[in-house]
Novice: 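Questions regarding the structure given below will be posed in turn.
A quick note: this is a predicted structure, and the numbers were derived from the prediction, not measured.
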Amino acid sequence: MKKYLLLLLFVCSAVFAQHDIDINNLKWLPDSHSFWVNQNNNVAVYDVDKLDKHITILTQQQLSESGFTGEIEDLVWNANKTKVLLYTNSKKVWRANTKGDYWFFDLATGKGKQLGKNLDPSSLMFAKFSGDNENVAYVSNHNIYLENLNTGKITPLTTDGTDKIINGTFDWVYEEELAARDGFRWSPDGKSIAFWRVDASATKFHLMINNTDSLYPVVVPVEYPKAGEKPSSVKIGIIDIASLQTNWLNIPGEQDNNYLVRMKWLTNQSVMVIQLNRNQNQVTFYNCDTKSGTAKAIYKEESAAWIDVFDISSGEYDGFPCHFVDNGKAFLWSSDADGWMHIYKISSDGKSKELITTANFDAYFQAYNDKTKTIYFKASPTDATQRYLYETNLNSKKTKRVTPDVFDGTNEYSFSTDAMYAKHTNASISRDYNTRLIALAGHKKILPQEADSFQAPQRDYTMEKFKVTTVDGIEMDGIMAKPLDFDSSKKYPVFFYVYGEPMASVANDEPYFYPFIAQVIPQGYIGIAMDNRGTPVMKGTKWRKSIYKNIGIINTRDQAMAAKEILKWKFVDPDRIAVHGWSGGGAVTLNLMFQYPEIYKSGIAISAVTDQHFYDNIYTERYMGIPSENEATYSLASPVTHAKNLKGNLLYIHGTGDDNVHYKNAEVLINELIKYDKMFDLMIYPNRSHSIYEGEGTSKHLLDTFVRFIEKNCPAGGR
């Protein structure tokens with residue numbers, strides 16, 4: 001890093017007041033504890049040890065002189081931090097903006113140029129440097145390209161990419177459910193590239209119709225394997241840069257009946273690949289020889305339910321799920337096989353396995369400091385609505401809490417790559433977000449210089465936590481929002497917000513309630529969110545995985561039974577009970593309205609899965625099993641099965657351009673409600689996606705529709 005700083009001193013060096021550094025948007029440099037911030041396309045690099053000085057590595061003027069247009073959205077660094085790639089003009093692929101333009105800048109000269117200029121604009125994906133700094137590789141239109149930084153020559157490394165043959169990235173379902181986007185990796189020496197090749201030829205298209213953007217309808221195809229359909233065929237190839245030849249890894253199992261979920265180079269001739277079986281209840285680690293293609297299984301684990309290869313509870317999906325220690329002789333792997341999420345140390349040959357975290361609470365790996373052998377993990381032993389940082393040592397295994405007691409609530413950390421420093425964000429239901437730059441040793445504050453701010457959020461309601469125990473003996477955590485003028489002697493309508501599936505929790509100790517609910521609470525409602533069994537909270541394996549093959553059943557009952565207990569509260573009006581959810585929460589909303597009409601009088605379901613058969617195979621089969629093996633439960637779990645029982649007021653909302661939960665779900669439900677002469681309200685948003693935000697006025701119209709329905713069918717105010 002010192003060499004890097006000396007190299008850049010002539011570019012621009014200045015002294016800044018430490019409080020001017022915007023730590024909210026800092027991003028760590030690789031293999032260091034330096035970070036960069038972007039202020040109006042002026043990129044500055046700071047070393048945590050020398051915060052009174054910074055290096056401006058790129059200025060607006062430099063960018064302009066090189067012809068750069070747009071905003072800097074991200075930087076990609078080479079290994080010795082002397083060159084960068086600027087990512088700009090990005091566009092959404094499915095969920096994320098993963099294609100755009102890349103510009104190369106040599107920090108020694110300050111000169112830059114655009115890469116891939118003969119390729120389609122905003123089509124480059126996942127550009128990164130080779131280890132020797134001679135080349136950059138990237139994906140465009142499902143092919144991988146190599147661009148020499150000295151000559152500018154662009155060489156296609158794959159040539160068979162089409163809508164169905166996908167090189168270096170993934171199809172819809174791999175991205176959505178496995179968070180697999182970046183589909184290639186350079187070898188350490190820069191002489192080879194390992195990449196995923198997805199053959200979606202046998203995967204059927206779900207056809208969406210765009211009726212709004214042209215005189216005649218346009219068909220929008222999405223390759224989308226639904227529950228019961230085989231996944232796309234996937235294999236991993238190794239491209240030799242010198243010969244441009246590809247060698248395929250011989251990983252056991254059918255290519256269209258397993259998932260190759262993660263990959264990492266171990267040496268210049270070996271790659272570790274993590275494979276999940278079709279049911280996602282067996283994971284196998286393979287050490288693959290990139291020359292011979294042989295794959296040796298070194299570790300295998302099985303579960304009675306499913307196995308997670310990423311931390312669902314926080315959305316930390318990206319990256320390899322193992323961290324190598326002991327100079328590569330072992331790796332850390334997280335598993336909840338013993339009843340708690342624990343961290344294990346497994347030898348690289350798979351012959352030894354050692355439990356590192358031993359306490360009876362969930363421990364989610366966060367970072368590792370190789371110098372001190374410190375493992376940082378996320379835990380909350382006594383309150384599942386909160387998050388705290390803990391540490392243990394690879395040798396001593398002694399565990400202690402790192403987050404000081406004053407930071408009550410939810411704590412998130414963004415670690416430097418050496419795990420010596422972190423950006424720490426703290427918040428709770430009674431405290432707004434407070435962000436600090438800290439040294440992890442002693443949790444010592446570095447920035448900002450001002451005193452920590454523990455301000456209460458400015459809002460038109462108060463929030464509190466509670467617990468409720470159902471008739472089944474299930475204790476559930478909840479968050480409740482009340483109007484500022486709440487009077488316990490009056491009776492109020494209650495608005496439940498639900499999700500209830502394994503991908504998210506809602507009763508979190510954080511400042512802000514669900515946005516739609518927050519709009520109606522000041523008008524005289526009580527808002528409540530609760531986490532049922534099956535949600536990814538820190539209550540152990542049994543809690544999280546009891547929903548296996550029970551989505552739509554166990555979560556629906558838990559929510560309803562908890563609501564029954566809440567209806568006993570003196571300030572709750574049992575005649576004014578509403579419920580709302582989106583996506584999986586929309587399915588729960590429908591099931592609650594249909595299966596428990598005596599509780600829920602009004603409901604708003606948005607973009608809901610109305611039949612489990614209609615959703616994608618990776619998500620649905622992970623939690624419900626393959627339909628042919630569990631058909632009765634699929635039927636019992638689906639809202640369409642129970643639609644005939646509707647008694648209350650239902651508003652159903654869906655976008656016709658939803659590539660995630662297809663509009664088909666709406667039409668099948670509508671047909672079923674018509675069949676049984678059930679009256680309901682319907683709002684369809686033409687050509688909008690799953691989030692229903694595209695188009696002028698859409699978000700306001702959606703909110704107004706939401707509030708208008710509630711005010712009409714569930715009048716506000718205490719009585």
Side-chain angles (χ1 to χ4, degrees), residues 90-99 120-123 141-142 161-166 169-176 198 200-229 232 582-583 586-587 590 604-617 619-620 638-640 643 650-675 680-706:
S90 71
K91 292 184 178 180
K92 182 182 289 187
V93 175
W94 296 115
R95 285 295 154 266
N97 285 35
T98 49
K99 64 179 181 180
D120 292 341
S122 293
S123 72
N141 294 320
H142 293 173
T162 65
D163 287 343
K164 287 285 194 176
I165 303 297
I166 304 167
T169 185
F170 297 89
D171 61 359
W172 185 94
V173 72
Y174 257 75
E175 172 173 330
E176 177 69 17
V198 179
S201 300
T203 302
K204 299 183 181 69
F205 279 128
H206 181 91
L207 304 178
M208 302 189 301
I209 304 295
N210 180 346
N211 278 312
T212 63
D213 293 344
S214 58
L215 182 61
Y216 287 89
V218 174
V219 176
V220 181
V222 180
E223 70 269 0
Y224 190 102
K226 300 186 181 183
E229 299 283 312
S232 298
W582 199 309
S583 193
L590 293 173
I604 301 176
I606 303 180
S607 306
V609 178
T610 64
D611 188 319
Q612 296 289 332
H613 295 88
F614 300 161
Y615 201 53
D616 73 67
N617 56 358
Y619 182 94
T620 311
S638 298
V640 169
L650 173 64
L651 169 60
Y652 189 81
I653 300 174
H654 214 119
T656 66
D658 191 337
D659 60 271
N660 185 356
V661 180
H662 304 134
Y663 180 60
K664 170 187 176 73
N665 286 271
E667 293 200 336
V668 171
L669 177 65
I670 291 167
N671 269 342
E672 196 71 5
L673 293 169
I674 291 171
K675 175 181 175 181
F680 63 100
D681 290 331
L682 180 68
M683 178 56 69
I684 300 303
Y685 285 91
N687 211 35
R688 269 67 166 191
S689 69
H690 191 58
S691 300
I692 311 182
Y693 70 92
E694 302 88 350
E696 187 176 357
T698 298
S699 296
K700 184 178 187 304
H701 188 276
L702 177 60
L703 176 59
D704 290 346
T705 300
F706 187 100

Novice: Between K164 (side chain only) and T203 (backbone N and O only), is there a donor and an acceptor less than 3.5 Å apart?
Specialist: yes

Novice: Please answer whether the main-chain N or O of S638 pairs with a side-chain N or O of D611 as donor and acceptor at a distance below 3.5 Å.
Specialist: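 No; judged by distance alone, with no hydrogens or angles, the pair does not exist.
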
Novice: Could you tell me whether a side-chain N or O of E694 sits under 3.5 Å from a main-chain N or O of S689, the two making a donor and an acceptor?
Specialist: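 Pair found, side chain donor or acceptor close to backbone of S689.
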
Novice: So, for V93 and E175, which heavy atoms are closest and what is the spacing to 0.1 Å?
Specialist: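 The answer is CG1-OE1, 4.1 Å.
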
Novice: Which atom pairs, donor and acceptor, lie under 3.5 Å between side-chain atoms of residues 215-226 and protein residues at least two apart or in another chain?
Specialist:
| from | atom 1 | to | atom 2 | distance (Å) |
| --- | --- | --- | --- | --- |
| Y224 | OH | D616 | N | 3.2 |
| Y224 | OH | N660 | O | 2.8 |
| K226 | NZ | H206 | ND1 | 3.1 |

Novice: Does H690 offer a backbone N or O that forms a donor-acceptor pair with the side chain of W582 under 3.5 Å?
Specialist: yes

Novice: Which heavy atom in L590 sits nearest to a heavy atom in A608, and how many Å separate them?
Specialist: CD1-CB, 3.8 Å

Novice: Can you list everything that forms a salt bridge (Lys or Arg N to Asp or Glu O under 4.0 Å) with K92? Sequence neighbours excluded, please.
Specialist: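 Not a single residue meets the salt bridge (Lys or Arg N to Asp or Glu O under 4.0 Å) criterion with K92.
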
Novice: Relative to the ring of Y615, is the ring of Y619 parallel (under 30°), tilted (30 to 60°) or perpendicular (over 60°)?
Specialist: perpendicular

Novice: Within a strict 4.5 Å, meaning less than it, do heavy atoms of the T656 and N211 side chains meet?
Specialist: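 They are not in side-chain contact.
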
Novice: State which residues pass salt bridge (Lys or Arg N to Asp or Glu O under 4.0 Å) with D659; sequence neighbours excluded, sorted by chain then number.
Specialist: R95

Novice: Give a yes or no answer on whether the side chain of H142 reaches the backbone of V198 with a donor-acceptor pair at less than 3.5 Å.
Specialist: no

